[in-house]
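Contents: one structure, followed by commentary.
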Amino acid sequence: MKNGIYKILLIAILSLTFSSCNNDDDNNDNQSLNGDYSGTFTVEYLNGDTFSNPVTVSFNEGNNYQSSGNDDYFPAGGSGTYEKSNSTIEFYDINYWTANFDWNLILGGEYEYSINGTELVITANRTEFGIYKYELTKE
């Protein structure tokens, strides 16, 4: 009788332990980015200089993206394909660019991202240059 109670108690504890496990790592993966976003691009350089401008970014079927650019290259823009995984997103820009500006202003390469409702924040910390951030709202 005593062994039966211990077995039942052990099974109950194990069931509660495994049912309470949660894998939060894939929350961003399950959310589609498809749509048009607008907001602000900001770069904070290591020397303290900060530049901000309005920006739009569109995500379409087939993992395609397009980012608007400004004449002063803050940001430069970009378009191509992207892949996202957990909290990172990798942009593969397909454009040809001149060498007269900071190429980190192009939406390309690896970024951290987070989604909260209609808010999307995309950030890259380029340790030798500064922090590049897109704060966007889905339209």
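Residues: numbered from 1 along the sequence shown.
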Counting C-beta onward and ignoring hydrogens, is there a side-chain heavy-atom pair between Ser67 and Thr56 closer than 4.5 Å?
no
Can you measure from CZ (Arg126) to CG (Leu46) and round to the nearest 0.5 angstrom?
12.5 Å
Quick one: ring-ring contact (aromatic ring centres under 6.0 Å, His included) partners of Tyr132, sequence neighbours excluded?
none
Heavy-atom pair of closest approach, residues Pro75 and Ser68
CG-O, 3.7 Å
Got a sec, which residues hit ring-ring contact (aromatic ring centres under 6.0 Å, His included) with Phe51, two or more places apart in sequence or on another chain?
Phe74
Heavy atoms, side chains only, cut-off 4.5 Å: are Asp93 and Tyr65 in contact?
yes
Return the minimal non-hydrogen interatomic distance between Ala76 and Ile106, and the atom names on each side.
CB-CG1, 3.9 Å
Report all side-chain donor-acceptor pairs from residues 115-125 shorter than 3.5 Å, counting only partners two or more places apart or in another chain.
{"unit_1": "Glu119", "atom_1": "OE1", "unit_2": "Thr137", "atom_2": "OG1", "d": "3.1"}
{"unit_1": "Glu119", "atom_1": "OE2", "unit_2": "Thr137", "atom_2": "OG1", "d": "3.3"}

Which residues share a ring-ring contact (aromatic ring centres under 6.0 Å, His included) with Phe129, sequence neighbours left out:
none
Atom pair OG (Ser85) and CD (Glu110), whose distance is rounded to the nearest 0.5 Å:
9.5 Å
Decide side chain to side chain donor-acceptor pair (under 3.5 Å) for Asn95 and Ser79; before the verdict, give the C-alpha distance in whole Å, the side-chain angles of both, and the deciding distance to 0.1 Å.
CA-CA 7 Å; Asn95 297 288; Ser79 61; 3.1 Å; yes
Value for CD (Glu83) from OG1 (Thr81), rounded to nearest 0.5 Å, stands at 7.0 Å
Of all residues at least two apart in sequence or in a different chain, which pass the side-chain hydrogen bond (donor to acceptor under 3.5 Å, both in side chains) check with Asn53?
Asp72
For Asn86 and Tyr113, the nearest pair of non-hydrogen atoms, with its separation, is O-OH, 3.4 Å
Listed pairs under 3.5 Å, donor-acceptor, residues 38-45 side chains, sequence neighbours left out:
{"unit_1": "Ser38", "atom_1": "OG", "unit_2": "Glu139", "atom_2": "OE2", "d": "3.1"}
{"unit_1": "Thr42", "atom_1": "OG1", "unit_2": "Ser52", "atom_2": "OG", "d": "2.8"}
{"unit_1": "Tyr45", "atom_1": "OH", "unit_2": "Asp102", "atom_2": "OD2", "d": "2.8"}

Does the side chain to side chain donor-acceptor pair (under 3.5 Å) test come out yes or no for Asn34 and Glu61, once each step is laid out?
CA-CA 7 Å; Asn34 288 351; Glu61 295 294 327; 2.7 Å; yes
Using the rule given for side chain to side chain contact (heavy atoms under 4.5 Å, CB included), can you reason through Tyr134 versus Tyr111, listing the C-alpha separation, both sets of side-chain angles and the distance that settles it, and then say yes or no?
CA-CA 10 Å; Tyr134 295 79; Tyr111 288 73; 4.1 Å; yes
Among all residues two or more places apart in sequence or in another chain, which pass the side chain to side chain contact (heavy atoms under 4.5 Å, CB included) test with Thr98?
Tyr73, Asn100, Phe101
When rounded to the nearest 0.5 angstrom, what is the spacing between OG in Ser58 and CD in Gln66?
6.5 Å
Who passes side-chain hydrogen bond (donor to acceptor under 3.5 Å, both in side chains) against Asp49, sequence neighbours left out?
Asn47
Partners passing side-chain hydrogen bond (donor to acceptor under 3.5 Å, both in side chains) against Glu90 (at least two apart in sequence or in another chain):
none
With sequence neighbours excluded, tell me which residues meet side-chain hydrogen bond (donor to acceptor under 3.5 Å, both in side chains) with Trp103.
none
